[in-house]
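What you see is a predicted model, and the numbers here were worked out from it, not measured in a lab. Starting from 1, each residue takes its place in the sequence as its number.
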Amino acid sequence: MIHNLRFELSFKNIYQLENKLKFCRLNRIYNINIPCKGIIKKEFFNATFEYISRNFKEFNVTYHYSLYHQYSKNKENSYQDFLGFIEKTNSYKNYKILLVSGSNKKKNFDVNNVLLNLKKESNLKVQLGIAYNPYLKKYYNISSEKERYQKKISSGIVNSIWLQFGTDIELLQSEVNYLKKTGEFEKLNLFGSLLIPSKQFISRFKFRPWKGVYISENYLNSLEDFYNFTKDLVCFYKDNNITPVIETEFSTLEKLDFVYSFFKK
């Protein structure tokens with residue numbers, strides 16, 4: 001499992017990106033995710049793609065494409081931009097796309113709208129993933145996630161599901177059981193967010209919680225309990241053939257060793 005881990009990179013400029021990619025290469029980390037949020041959007045997002053394509057071709061990259069952050073002028077223009085991005089990724093066999101609507105959905109331009117349009121495209125070659133948040137209904141009173149998921153899957157062009165992080169394993173088990181009952185599930189790859197706990201992370205999360213990420217107050221108030229939960233979640237991912245995606249900082253040897261410690265028996 002440790003060799004299949006994915007690592008999400010955060011960076012503020014190309015110099016930081018280069019250093020993190022060199023760290024990954026040095027430590028034989030080749031499965032990486034590039035988010036589309038904060039300052040990593042529009043021109044900088046595209047420049048990131050070009051830079052990795054030219055200089056780090058050995059990496060297996062999943063690009064998070066946010067329809068909200070990449071929106072340009074109108075939905076027609078934005079859709080053509082996305083088609084252009086798909087065409088660029090087709091030039092590299094190890095590049096995939098996680099398509100997300102974004103924190104603030106654009107009217108008539110969210111993942112479901114785009115998937116419906118993509119289904120009509122001829123000669124379309126793309127490996128698309130979609131996000132699924134198991135915690136929205138219970139903890140955020142948003143009941144549309146399953147309905148949206150069914151519409152996304154019905155497009156027939158989705159090949160992976162990316163699970164949001166949360167700290168309710170019983171609920172997660174129930175939602176994964178639901179997903180397993182849906183059509184074509186055996187053909188889908190499953191990925192699960194993993195946040196590595198630390199005092200710094202807890203402090204930052206308390207100050208500014210991540211939207212849609214449920215973390216129990218018990219774990220925010222007890223680092224040891226958060227450690228134990230993380231080990232349980234790793235076991236759950238392993239038992240359900242879910243590939244973990246490390247979304248917290250890892251790019252020092254000390255931090256990387258700590259990440260790996262959760263995968264040792």
Side-chain angles (χ1 to χ4, degrees), residues 1-12 16-35 37 56 58-62 64 94 98 129 131-135 160-173 175-176 189-210 212-265:
M1 187 181 198
I2 201 169
H3 301 294
N4 295 324
L5 293 178
R6 301 198 66 87
F7 291 82
E8 182 176 304
L9 274 60
S10 60
F11 48 93
K12 296 181 179 179
Q16 285 188 359
L17 172 62
E18 179 184 30
N19 285 338
K20 291 197 173 185
L21 288 170
K22 286 181 176 178
F23 176 84
C24 289
R25 177 189 279 166
L26 188 63
N27 290 279
R28 299 183 180 181
I29 294 170
Y30 294 104
N31 301 322
I32 63 171
N33 284 40
I34 301 296
K37 60 184 179 182
F56 294 89
E58 71 271 37
F59 281 80
N60 182 331
V61 189
T62 294
H64 302 193
N94 292 330
L98 167 57
Y132 185 83
N133 192 331
Y135 309 95
S160 62
I161 306 170
W162 299 71
L163 300 170
Q164 179 62 280
F165 181 83
T167 58
D168 185 335
I169 287 186
E170 286 189 8
L171 177 59
L172 179 60
Q173 178 70 74
E175 293 294 299
V176 169
N189 297 311
L190 243 62
F191 299 88
S193 172
L194 189 64
L195 302 178
I196 303 300
S198 67
K199 290 182 179 180
Q200 184 183 49
F201 170 78
I202 288 175
S203 177
R204 288 180 175 177
F205 190 89
K206 284 182 176 180
F207 177 71
R208 185 174 294 172
W210 295 9
V213 175
Y214 167 72
I215 299 181
S216 167
E217 286 294 325
N218 181 53
Y219 301 131
L220 293 176
N221 294 319
S222 172
L223 191 56
E224 183 179 358
D225 286 345
F226 207 159
Y227 288 160
N228 291 332
F229 165 79
T230 305
K231 292 178 182 178
D232 290 341
L233 183 59
V234 167
C235 289
F236 176 87
Y237 282 167
K238 183 177 181 180
D239 291 342
N240 289 274
N241 199 28
I242 299 171
T243 301
V245 183
I246 311 301
E247 293 191 32
T248 41
E249 184 55 46
F250 66 92
S251 55
T252 67
L253 286 177
E254 182 180 10
K255 290 179 179 178
L256 184 60
D257 285 343
F258 187 57
V259 170
Y260 287 155
S261 70
F262 289 95
F263 295 87
K264 296 175 181 177
K265 293 183 179 181

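Taking the six-membered ring for Trp and thresholds of 30 and 60 degrees, Phe250 and Phe7 have ring planes inclined between 30 and 60 degrees apart.
The NZ atom of Lys264 sits 7.0 Å away from the CD1 atom of Ile2 when rounded to the nearest 0.5 Å. For the atom pair CD of Glu18 and CZ of Phe11, the computed distance is 12.5 Å after rounding to the nearest 0.5 Å. Atom CZ of Phe165 sits about 6.0 Å away from atom OG1 of Thr230, to the nearest 0.5 Å. Note: Asn240 CG to Leu190 CG = 8.0 Å, rounded to the nearest 0.5 Å. For the atom pair Leu223 CG and Tyr227 OH, the distance stands at 3.5 Å (nearest 0.5 Å). Distance check, rounded to the nearest 0.5 Å: CG of Leu9 to CG of Asn19 gives 11.0 Å.
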Step-by-step ring-ring contact (aromatic ring centres under 6.0 Å, His included) determination, Tyr30 to Phe56
CA-CA 10 Å; Tyr30 294 104; Phe56 294 89; over 10 Å; no
Determine whether Asn27 and Leu253 satisfy the following criterion, side-chain contact (heavy atoms from CB on, under 4.5 Å), listing intermediate values before the conclusion.
CA-CA 9 Å; Asn27 290 279; Leu253 286 177; 3.4 Å; yes
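Ile215 has its side chain within reach of Phe226: a pair of non-hydrogen atoms, C-beta onward, lies under 4.5 Å apart. Side-chain contact between Phe258 and Ser198 is absent, with no heavy-atom pair separated by less than 4.5 Å. Looking at heavy atoms from C-beta onward, Phe191 lies out of side-chain contact with Thr62 at the 4.5 angstrom threshold. Side-chain contact between Ser222 and Phe229 is absent, with no heavy atoms from C-beta onward closer than 4.5 Å. Side-chain contact between Phe236 and Ile242 is present, with heavy atoms from C-beta onward closer than 4.5 Å. In this structure, the side chains of Lys37 and His64 stay at 4.5 Å or more apart for every pair of heavy atoms.
Annotation: Glu254, atom CD; neighbour count of heavy atoms from other residues, nucleotides and ligands within 6.0 Å does not exceed 12. Heavy-atom contacts from other residues, nucleotides or ligands closer than 6.0 Å to CG of Asn241 number 12 or fewer. In this structure, Arg204 places its CZ atom where only 12 or fewer heavy-atom neighbours from other residues, nucleotides or ligands lie under 6.0 Å away.
For Glu8 and Lys20, the salt-bridge test fails: no basic side-chain N is under 4.0 Å from an acidic carboxylate O.
Closest heavy-atom contact between Phe23 and Ser251: CE2-CA, 3.5 Å. Minimum heavy-atom separation, Trp162 to Leu98: CD1-CD1, 3.4 Å. Summarising the geometry of Ser160 relative to Gly129, their closest heavy-atom pair is OG-CA, 3.0 Å, with the distance given to 0.1 Å. In this structure, Asn133 and Gly212 approach most closely via the heavy-atom pair ND2-O, 2.9 Å. Looking at every heavy atom in both residues, Gln164 comes nearest to Tyr135 through O-CE1, 3.5 Å. Closest approach of Pro134 to Leu171, counting heavy atoms only: O-CD2, 3.6 Å.
In terms of modelled atom types and a separation under 3.5 Å, the side chain of Asn218 and the main chain of Asp225 share no donor-acceptor contact. Formation of a donor-acceptor pair under 3.5 Å by the Lys255 side chain with backbone atoms of Glu249 is not found in this model. A donor-acceptor contact shorter than 3.5 Å is absent between the side chain of Ser203 and the backbone of Gln200. A donor-acceptor distance shorter than 3.5 angstrom exists from the side chain of Tyr237 to the backbone of Ser193, with no hydrogens or angles considered. One N or O on the side chain of Thr248 and one on the backbone of Ile196 form a donor-acceptor pair closer than 3.5 Å. For the pair Arg6 (side chain) and Asn60 (backbone), a donor-acceptor distance under 3.5 Å is present.
In this structure, Glu224 has no salt bridge (Lys or Arg N to Asp or Glu O under 4.0 Å) partners at least two apart in sequence or on a different chain.
Put simply, the residue from Thr243, Val245, Val259, Val234 that forms a side chain to side chain contact (heavy atoms under 4.5 Å, CB included) with Leu194 is Val234.
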